[in-house]
Peer 1: 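First, the structure itself, so that you have it in front of you.
Order of the sequence lines fixes the chain letters, A, B, ..., with proteins taken first and strands second; residue numbering starts at 1 for each chain. Since we're looking at a predicted model, the values are computed, not measured.
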Protein chains: 2
Amino acid sequence: MPRTKGSVTIEDVARLAGVAKGTVSRVLNNYGDTSAETRDRILQAVERLEYQPSAAARKLKRGRVDTLGIVLPAGQGEHADPFLSEFLDGIAQALDLSDRDLLVTTAHSDEHAVTVHDRLIRSRKVDGFIVTRTQGDDPRIGLLLQRGFPFVAHGRTKETDFAWYDVDNERAFLDAVRHVVALGHRRIGFLGGPVRMNFAIQRKAGYRRGLAEAGIAHDPALEIACELNEMSGAEAARTLVHLDEPPTALVCVTDTLAIGAIEALRALGLAIGRDVTVIGYDGLPVGAYIDPPLTTFSQSAHAAGARAAQMLIDVIEGVDPLERQELVRADLVKRASDGPPEKTPKELKESLAR
Amino acid sequence: MPRTKGSVTIEDVARLAGVAKGTVSRVLNNYGDTSAETRDRILQAVERLEYQPSAAARKLKRGRVDTLGIVLPAGQGEHADPFLSEFLDGIAQALDLSDRDLLVTTAHSDEHAVTVHDRLIRSRKVDGFIVTRTQGDDPRIGLLLQRGFPFVAHGRTKETDFAWYDVDNERAFLDAVRHVVALGHRRIGFLGGPVRMNFAIQRKAGYRRGLAEAGIAHDPALEIACELNEMSGAEAARTLVHLDEPPTALVCVTDTLAIGAIEALRALGLAIGRDVTVIGYDGLPVGAYIDPPLTTFSQSAHAAGARAAQMLIDVIEGVDPLERQELVRADLVKRASDGPPEKTPKELKESLAR
DNA sequence: TTGTAGGCGTTATCAC
DNA sequence: GTGATAACGCCTACAA
């Protein structure tokens with residue numbers, strides 16, 4: 001039976017240093033009222049025994065565990081979400097600087113996610129949560145607000161009275177449309193996301209604003225709501241390109257959709273960046289390795305994770321959540337999947353007919 | 001009604017049920033010596049108050065936290081390792097079934113990794129570790145063995161007296177060489193990994209065995225040790241292809257290297273799968289989206305994570321670690337980056353000279 | 001400046 | 001069967 005081998009307690013340290021455990025505790029927590037001499041003696045004992053306070057005992061007394069929690073969507077069909085990996089890495093990096101750790105759990109549905117958050121709160125395993133992929137009306141956030149439990153959301157929701165870190169989605173898609181319009185496109189398709197996702201709503205708004213700004217009439221046929229996987233993107237691209245007046249540019253709500261679209265269009269013999277322009281969003285590393293390399297908007301998942309973690313730490317330490325709301329811009333990463341339209345929609349249509 | 005403040009304790013439940021807290025505890029831990037009547041009354045109170053035991057207090061008494069730990073390499077240069085993401089997802093899935101959680105930390109060097117493991121052990125935040133990317137001589141495993149702390153390694157080391165889950169790396173690379181030999185290749189390059197990594201050593205052994213089996217003389221110039229990123233793979237590919245007698249097939253120790261190699265070779269105007277065959281290893285989803293889709297060996301990182309987690313749980317619960325050692329096979333995932341050589345090495349060389 | 005003691009929420013060992 | 005009560009390891013008033 002593997003058991004925790006004789007872990008050193010504060011008692012051991014006290015004995016070795018010849019003081020009471022209370023004194024050891026005070027030194028370790030920087031009360032500053034201990035004499036330099038005993039202080040040194042205690043620290044030396046700590047060093048020698050390699051003493052570290054038990055997280056559990058400490059928690060019991062102080063009510064903090066120095067652990068942040070995150071509940072991820074369980075991997076759908078073996079494919080881990082690359083955005084989340086980078087986001088996690090960013091969190092871990094920020095935590096490393098603050099001697100805190102990250103508890104990771106997964107959930108396979110919205111209700112399950114709420115259950116898991118609740119369990120973690122009640123078992124007091126974490127001090128706060130980072131919530132990702134927020135929805136317009138998010139039950140997790142509802143729970144957290146109701147419980148008064150610290151958290152930071154990556155992305156806003158309808159209600160916004162809490163701490164969040166978000167990308168200016170609307171602005172990014174406005175910029176995307178401006179970009180393709182500047183290239184000469186007038187017929188611009190939009191591969192959107194599930195309507196319950198808040199970011200999908202915001203990005204669609206940006207797309208429409210871009211059209212309006214350029215004086216292009218909005219055509220509902222050019223907007224498709226997709227699931228967030230390649231297949232869905234491929235399907236949507238095929239649908240759009242077979243319209244009577246197909247778009248010469250596709251603005252996609254995520255890189256994953258864009259990659260699926262590119263796959264499908266190439267299979268139809270179209271030259272990406274010349275026959276059809278495709279623009280993604282996320283700045284995933286994968287994007288650089290597909291053919292042609294994907295032009296996209298990048299929000300640095302890594303930076304987002306790191307910043308969200310730090311914001312959460314602040315909130316846990318008592319900062320007003322409303323003082324921790326940050327909106328950042330996504331930047332265009334110009335690669336090779338965009339370019340001036342070499343065909344009119346009509347010519348595009350004809351080239352497919354052959 | 002769940003109150004926002006002051007979490008429910010066992011005391012609250014006891015009071016509501018009109019019993020002593022000891023009794024509540026016994027019911028909750030299935031001692032089975034309680035009368036059916038009080039049992040029901042207690043469970044009802046638990047339900048009503050939505051009581052959940054405090055993990056910290058429980059830990060203090062029982063010495064278990066129901067939390068597994070993993071220390072990941074900190075993301076190098078913004079690129080999260082896709083293998084690890086899937087591995088994590090597998091762990092999470094297994095844990096979901098057992099009401100345990102996963103504590104994730106990162107380390108930016110080998111020594112740091114040891115420090116972090118040590119800190120986690122001493123602060124008793126986890127019951128055991130999953131160790132990934134083992135090295136031939138691994139300091140983390142040294143520490144864990146010395147401390148007598150439960151762990152499972154994904155990959156073996158020199159010493160193998162502990163629980164591990166590993167892929168038969170040698171066999172996979174033997175198979176890889178057999179595969180390209182069967183296609184007609186005789187000049188076969190090897191993009192290896194850092195020599196301290198155990199899997200790199202094993203894969204190289206498989207490669208050499210494959211050559212020997214086919215009666216092909218081993219040429220040291222065809223073997224290159226790379227770092228595990230695209231750039232390194234690209235560089236190695238360029239070096240090999242510019243040899244006097246370049247290889248017509250490249251067997252790569254990871255998909256990441258293979259992807260880098262493909263990038264570089266395509267940039268030189270070579271047709272992958274015809275001029276040069278490239279084979280990877282890992283079965284990363286990305287591989288399916290590059291051009292051409294990467295032929296690779298798949299070990300299902302997801303399955304590995306799930307299995308490793310379950311093995312660790314077994315070990316924590318007292319199973320002899322030596323009874324938890326598993327070797328699995330990696331299977332060839334045939335896509336389109338391999339094929340019969342259309343050029344001899346000499347012709348390949350000439351086509352590059354132009 | 002330092003020692004003593006009570007309590008955080010559980011579980012386990014006693015009595016009854 | 002069930003109720004007290006003593007730990008578990010730490011922090012922190014309070015006393016000395």
Peer 1: Which residue lies toward the 5' end of DNA chain D, A/A56 or A/Y31, if each is placed at its nearest nucleotide?
Peer 2: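 Counting from the 5' end, the first nearest nucleotide belongs to A/A56.
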Peer 1: Heavy atoms only, 4.0 Å cut-off, all strands: where does B/Q52 land among base, sugar-phosphate and nothing?
Peer 2: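 Here B/Q52 touches the backbone only, sparing every base.
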Peer 1: Should the side chain of B/R39 and the base of D/dG1 be counted as holding a donor-acceptor pair, with the cut-off at 3.5 Å?
Peer 2: no
Peer 1: Could you state the CZ-C1' distance from B/R64 to C/dT11, rounded to the nearest angstrom?
Peer 2: 12 Å
Peer 1: Among C/dT10, D/dG1, D/dG3, which nucleotide has an atom closest to any side-chain atom of B/S35?
Peer 2: D/dG1
Peer 1: Does A/D127 form a salt bridge (charged side-chain N to carboxylate O under 4.0 Å, His left out) with A/R64? I'd like the steps, not just the answer.
Peer 2: CA-CA 6 Å; A/D127 298 326; A/R64 287 190 303 133; 5.5 Å; no
Peer 1: Closest approach to the side chain of A/R26, judged atom by atom: which nucleotide of C/dT4, C/dT10, D/dG3 is it?
Peer 2: C/dT4
Peer 1: Looking only at side-chain N and O atoms, does A/T38 come under 4.0 Å of OP1 or OP2 in C/dT2?
Peer 2: yes
Peer 1: Check the side chains of A/Q52 and B/D118 for a donor-acceptor pair under 3.5 angstrom, ignoring hydrogens and angles.
Peer 2: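 On atom types as modelled, these side chains do not qualify, holding no pair under 3.5 Å.
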Peer 1: At under 4.0 Å, does any side-chain N or O of A/T34 touch on OP1 or OP2 of C/dT1?
Peer 2: no
Peer 1: Would you please indicate yes or no on a ring centroid separation below 6.0 angstrom for B/F129 and B/H117?
Peer 2: yes
Peer 1: Reckon B/R58 has a side-chain N or O less than 4.0 Å from the OP1 or OP2 of C/dT11?
Peer 2: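 So the side chain of B/R58 is within the cut-off, an N or O lying under 4.0 Å from OP1 or OP2 of C/dT11.
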Peer 1: If you count the non-hydrogen atoms of other residues, nucleotides and ligands that lie under 6.0 Å from CD in A/E159, is the total more than 12?
Peer 2: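 Open: at most 12 neighbouring heavy atoms sit under 6.0 Å from CD of A/E159.
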Peer 1: Ignoring backbone atoms, establish whether B/S54 has a side-chain N or O less than 4.0 Å from OP1 or OP2 of C/dC8.
Peer 2: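 No, no such contact exists.
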Peer 1: Separation of A/K21 atom NZ from D/dA13 atom C1', in whole Å?
Peer 2: 15 Å
Peer 1: Would you mind telling me which of C/dT10, D/dG3, D/dC10 lies closest to the side-chain atoms of B/V19?
Peer 2: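 Ranking C/dT10, D/dG3, D/dC10 by closest atom to the B/V19 side chain puts D/dG3 first.
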Peer 1: Compare the minimum distances between each of C/dT2, D/dG3, D/dG9 and the side chain of A/T9, then state the nucleotide with the smallest one.
Peer 2: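 In terms of side-chain proximity for A/T9, the closest of C/dT2, D/dG3, D/dG9 is D/dG9.
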Peer 1: Could you check whether B/S25 gets within reach of a base, just the sugar-phosphate, or nothing at all, counting any heavy atom under 4.0 Å?
Peer 2: base
Peer 1: Taking CG from B/L60 and P from D/dC8, how many angstroms apart are they, rounded to a whole number?
Peer 2: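 In whole Å, D/dC8 P lies 9 Å from B/L60 CG.
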Peer 1: Aromatic rings B/H154 and B/Y165: how do their planes relate, parallel, tilted or perpendicular, breaks at 30° and 60°?
Peer 2: parallel
